[in-house]
Amino acid sequence: MLSTPLVVVACFAYLSLLFGVAYWADWRARQGRSVIGNAWVYSLSMAVYCTAWTYFGSVGRAASSGVWFLPIYLGPTLAMVVAWMVLRKMVRIARSYRITSIADFIASRHGKSRLLAGLVTVITVIGIVPYMALQLKAVASGYQVLAGPPGGGASTAVDWWRDSTLYVALALAGFTMVFGTRHLDTTERHEGMVAAIALEAVVKLLAFVAVGVFVTWGLFAGPADLFARAQEVPELARLLRLDQGQGFAYEQWFALTLLSMFSVIFLPRQFQVMVVENVDERHIRRASWAFPLYLLAINLFVLPIALGGLLQPGATAVQAETFVLSLPLASGHRALALFAFVGGLSAATGMVIVEAIAVSTMVCDRGDAAAGLPVLPSRG
């Protein structure tokens, strides 16, 4: 186990780094030297698609269903094949009509209906708030693995003022207010936020790959050794087959792939970074191959980590979502475990920050309309 002060200091040191990067990016923008006017930053900001579920949950799904975690990422990869045509058109429409949210975009396609925009906003708030809470729960679970009592879980009761997740949530709320919807002009781009999200994309990728390399070449003698040992265990060999021994479920695979294709474009956070924050439509050309490459890289070690964890004595699929942290920790690599936790924190915070900004923009727009204040024609 790691000491509580060490984990807490690491968390807030990382959050402070995000504040610093965001402040620096805003300062550069005021000097006329935009940081986000770069195709690589734009491409990395799309990686906000990879949340704490990608970081922890995909390993858990792979441990119980094998390669069935793949459709969630095959969909976005296929969607980016047509990104140059579809996404470019969306960016042009948003820029022409000063659209600032997915609610405005959908309403603008149906007669600029305020009722429809309000309905989309309500559905989004209802659906997103639990998902944001899930990100914070993932942070709490990771904290319990690193610094909690032996055998303790994320549900261990503590006084509210001693709950570190509360302070993480407050820090993220402060970040959103400072670098999010603090301006009356909601069409202004959030340069600091985009720069911070690009940094988070790099951090979570490096952390996850580092754990994958450790499991594959540290606990085992390489991929060949790892998969050979898994093939010797019937329960694990089943995970390496598409049919799972019950026939291939084409309908489910197709449905999940199709759903993820739409989600990578129409999720509020994805629309925010891919459409609203786009500064140059030419950046889409690079993102159309760089983002799929990122998805490939961050998922390359999902199955090896899942199998490597299940091959450990006493391990079960129920514990799989903690393998990213527990495997380095159990092997005495505390620094790697702490780095992996920061990567998970990065995955969770990136989603919460962008989603909060996207949803707050929608709510503020609808609030202005309900109050009878002047609104742009494109906002319903």
Side-chain angles (χ1 to χ4, degrees), residues 42 45-46 48-49 51 72 75-132 176 180-181 183-190 193-194 254-281 283-284 287-288 291 351 353-380:
Y42 177 69
S45 69
M46 291 184 182
V48 73
Y49 179 81
T51 65
I72 305 300
T77 300
L78 295 175
M80 294 308 293
V81 172
V82 295
W84 178 243
M85 296 178 290
V86 177
L87 188 54
R88 181 178 58 173
K89 185 175 182 180
M90 292 174 66
V91 169
R92 288 179 176 178
I93 292 173
R95 189 169 298 157
S96 298
Y97 295 97
R98 302 185 72 190
I99 290 173
T100 60
S101 69
I102 187 63
D104 287 342
F105 183 83
I106 294 175
S108 71
R109 301 291 89 192
H110 296 82
K112 301 177 182 178
S113 169
R114 289 186 177 183
L115 178 61
L116 180 58
L119 179 61
V120 172
T121 300
V122 171
I123 293 174
T124 300
V125 171
I126 294 174
I128 289 302
V129 170
Y131 194 26
M132 293 172 68
T176 304
T181 54
H183 301 298
L184 293 178
D185 183 8
T186 54
T187 62
E188 181 177 351
R189 292 187 176 89
H190 309 92
M193 180 270 288
V194 174
F254 175 78
L256 286 173
T257 302
L258 185 64
L259 182 62
S260 60
M261 285 181 67
F262 286 116
S263 68
V264 77
I265 297 177
F266 294 113
L267 279 174
R269 67 179 183 274
Q270 296 303 129
F271 187 87
Q272 182 72 33
V273 298
M274 296 172 72
V275 177
V276 178
E277 305 294 345
N278 179 274
V279 297
D280 189 339
E281 65 179 40
H283 293 171
I284 299 173
S288 64
F291 179 49
M351 180 274 180
I353 290 171
V354 180
E355 207 76 76
I357 290 175
V359 172
S360 63
T361 300
M362 284 191 283
V363 172
C364 289
D365 284 354
R366 303 288 76 75
D368 287 347
L373 299 175
V375 293
L376 294 172
S378 63
R379 298 183 189 176

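Here the structure is a predicted model, which means the values were calculated and not measured.
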Could you tell me whether the side chain of [Y] reaches within less than 4.5 Å of the side chain of [X], counting heavy atoms only?
{"X": "Phe271", "Y": "Ile99", "result": "yes"}
{"X": "Tyr49", "Y": "Ile72", "result": "yes"}
{"X": "Pro268", "Y": "Met362", "result": "yes"}
{"X": "Tyr42", "Y": "Met274", "result": "yes"}
{"X": "Met90", "Y": "Phe266", "result": "yes"}
{"X": "Val363", "Y": "Thr121", "result": "yes"}

Please report the interatomic distance [atom1]([X]) to [atom2]([Y]), rounded to the nearest 0.5 Å.
{"X": "Gln272", "Y": "Met193", "atom1": "CD", "atom2": "CE", "answer": "5.0 Å"}
{"X": "Leu87", "Y": "Met80", "atom1": "CG", "atom2": "CE", "answer": "6.0 Å"}
{"X": "Ser288", "Y": "Met85", "atom1": "OG", "atom2": "CE", "answer": "10.5 Å"}
{"X": "Asn278", "Y": "Met46", "atom1": "CG", "atom2": "CE", "answer": "7.5 Å"}
{"X": "Lys89", "Y": "Trp84", "atom1": "NZ", "atom2": "CH2", "answer": "15.0 Å"}
{"X": "Ile106", "Y": "Ile102", "atom1": "CD1", "atom2": "CD1", "answer": "4.5 Å"}

Notebook entry, point to check: Any sub-3.5 Å donor-acceptor pair from Ser96's side-chain atoms to Ile93's backbone N or O?
Noted result: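 No: the side chain of Ser96 does not pair with the backbone of Ile93.
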Item checked: Backbone N/O of Ser263 and side chain of Gln270: donor-acceptor pair under 3.5 Å ->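 Checking the backbone N and O of Ser263 against the side chain of Gln270, no donor-acceptor pair under 3.5 Å is found.
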Distance-minimising heavy-atom pair for [X] and [Y]:
{"X": "Val273", "Y": "Ser45", "answer": "CG2-O, 3.8 Å"}
{"X": "Ser101", "Y": "Val276", "answer": "N-CG2, 4.4 Å"}
{"X": "Ile357", "Y": "Thr361", "answer": "O-OG1, 2.8 Å"}
{"X": "Ala103", "Y": "Ala117", "answer": "CB-O, 3.7 Å"}

Note to self: Tell me which pairs pass salt bridge (Lys or Arg N to Asp or Glu O under 4.0 Å) where either residue lies in residues 267-276, with sequence neighbours left out.
What the structure shows: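 Listed by first then second residue: Arg269-Glu355.
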Note to self: Suppose we screen for salt bridge (Lys or Arg N to Asp or Glu O under 4.0 Å). Which residues come up paired with Arg95, at least two apart in sequence or across chains?
What the structure shows: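 With neighbours one apart ignored, the set is empty.
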